[in-house]
Number of protein chains: 2
Amino acid sequence: MGRPSTLEDKRREFLPIVAGAFAELGYRRLTSAELAARCGVGENVLYRIWPDKHAMFLAALEWVYLASERTWERLLAEPGNGESAFLRLLSHEARHLGEYGLHRIVFAGLSETDDPRIRAALQDLYAKFHAFVRRQLSAHRVAGAPGGLDAETAAWAIIGLGTVANVGRELGSIGASRRESILWDAGRLVAEGRIDAEADGPPRKKRASAEKKRRK
Amino acid sequence: MGRPSTLEDKRREFLPIVAGAFAELGYRRLTSAELAARCGVGENVLYRIWPDKHAMFLAALEWVYLASERTWERLLAEPGNGESAFLRLLSHEARHLGEYGLHRIVFAGLSETDDPRIRAALQDLYAKFHAFVRRQLSAHRVAGAPGGLDAETAAWAIIGLGTVANVGRELGSIGASRRESILWDAGRLVAEGRIDAEADGPPRKKRASAEKKRRK
DNA sequence: ACATTGTGGAAGTGCTTGCTTACATTACAA
DNA sequence: TTGTAATGTAAGCAAGCACTTCCACAATGT
């Protein structure tokens, strides 16, 4: 009886928009009016889907992490022509950094760490992120790579490298080639525990013509 | 003629309070009323010193960086018993991380990057921070250390290590010993380009009793 | 004394913002 | 058709905010 609810459809439809908006503006600066406008509906519609703004942010946080992870998983599933999955991931991130705005949302959240829900969500996100990196790192090492640092530490260190690279890009303080060096050179060093003199750059895709990527 | 102004004195008196408040609450959550209360004056007094809230934040940003730098300079001036200044700095940071809330203010600022003044201030801050680390790193290397990564990259990488360590501490996701490992083990690896098997921890001050530090 | 200039407290102002309400409309089941 | 429940629009509300104004008072120079 009555009209069937479409809220679940809308939630799925709006999530990427919501996540993008939070990533772009941060928590405080994104108003519910602006968010509703971006979704093309009235504010009350959003409030029918989520109880309050915090919930919208949490949903965005979760979504953006899952989106990133999905990208990585897809990347790892690709046929790795000789290279370890870990190195492929590293070289990918060295070039396409933070496509989904993960770090931006995280930074926004870090200014709201007094809210226990947001705090818990961030802890969870970092735990999953760290576990993911660590898992890839271990697999990489088992596959024959040396490995100097203890894996737990190395995984955190690699997350740190990604973070500076993102901040540096955001501020325009670190150029593309430098970012690549930070992720690839320092990343391999941290992962493998030594400098590999022979290879001096992340392996490019076949044709170097794929340079012009979408940069919004 | 008239009463002599004490605004400059007040500015100096309030700066640490202002910086601490921004570090604790972030930009948006710190209201002018709260800030005035912490300084023990009315809001209008603050607005006589700085034209608006942005200016207060910028002043805090600058102050907190200078305070950090002063600490480091003092540390470097200490008699280095054999150890390079760089390693002393690293081991110090491995234990007393972000005492002045530098990273917290930076994160708060990163959510306001649309404001050109704040953006410029952050760029400047990072540039100075990076230059400082790089300078210490170069001095360390000249002093006989090997050095694998190019210094520019290594300096950014070290800043990245400090950043994760701070975030991890903030969220309670990374314990003290792990943070130490991230800064000291990974830090040395990045700085020197190889694992040093013999030393497996930052040199402690004489007595290990100095463990119980103020943790607010 | 007196004019002048700075000081601190409290109340006020206009705007923004998260969130709600009211309502006319639409899509379904019976 | 008819009853029911979900929908989109627009307006509204109370709280919070950055920032200002007002004013009695306290230091100074002459």
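Numbers restart at 1 for each chain; the letters A, B, ... are given by sequence-line order, proteins then strands. Just the heavy atoms: all of them, side chains too, but no hydrogens, waters or symmetry mates, feed the values below. All of these numbers come straight from a predicted model, not from anything done at the bench.
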Please name all residues satisfying side chain to side chain donor-acceptor pair (under 3.5 Å) with A:Glu34, sequence neighbours left out, ordered by chain then number.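 Per chain and number, A:Glu34 pairs via side chain to side chain donor-acceptor pair (under 3.5 Å) with A:Arg38.
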Is any side-chain N of the basic residue among [X] and [Y] closer than 4.0 Å to the acidic one's carboxylate O?
{"X": "A:Asp52", "Y": "A:Arg117", "answer": "yes"}
{"X": "B:Glu69", "Y": "B:Lys128", "answer": "no"}
{"X": "A:Glu73", "Y": "A:Arg70", "answer": "no"}

For a quick check of understanding: with a heavy-atom distance under 4.0 Å over all strands, which category does [X] fall into, base, sugar-phosphate or nothing?
{"X": "A:Ser32", "answer": "base"}
{"X": "A:Ser5", "answer": "sugar-phosphate"}
{"X": "B:Leu30", "answer": "sugar-phosphate"}

Taking atom types as modelled, is there a side-chain donor on A:Gln123 or B:Ser173 under 3.5 Å from an acceptor on the other?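 Their side chains do not contain a donor-acceptor pair, so the 3.5 Å distance test is not met.
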Please check if any side-chain donor atom of A:Thr163 sits under 3.5 Å from a side-chain acceptor atom of B:Thr163, or the reverse.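 No, B:Thr163 and A:Thr163 have no side-chain donor paired with an acceptor closer than 3.5 Å.
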Taken to the nearest whole Å, CG/B:Leu35 to C1'/D:dC17 is 14 Å
How close or far is atom P of D:dA18 from atom NZ of B:Lys53, stated in whole angstroms?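 Roughly 4 Å, once rounded to whole Å.
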Looking at B:Thr6, does any N or O in its side chain come under 4.0 Å of the phosphate oxygens OP1/OP2 on C:dT7? yes
OP1, OP2 of C:dG8 versus side-chain N and O of B:Lys10: anything below 4.0 Å?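 So the side chain of B:Lys10 is within the cut-off, an N or O lying under 4.0 Å from OP1 or OP2 of C:dG8.
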Short heteroatom pairs, N/O only, protein and nucleotides 20-26 of chain D, under 3.5 Å:
{"unit_1": "D:dA26", "atom_1": "N3", "unit_2": "B:Arg3", "atom_2": "NH1", "d": "3.2"}

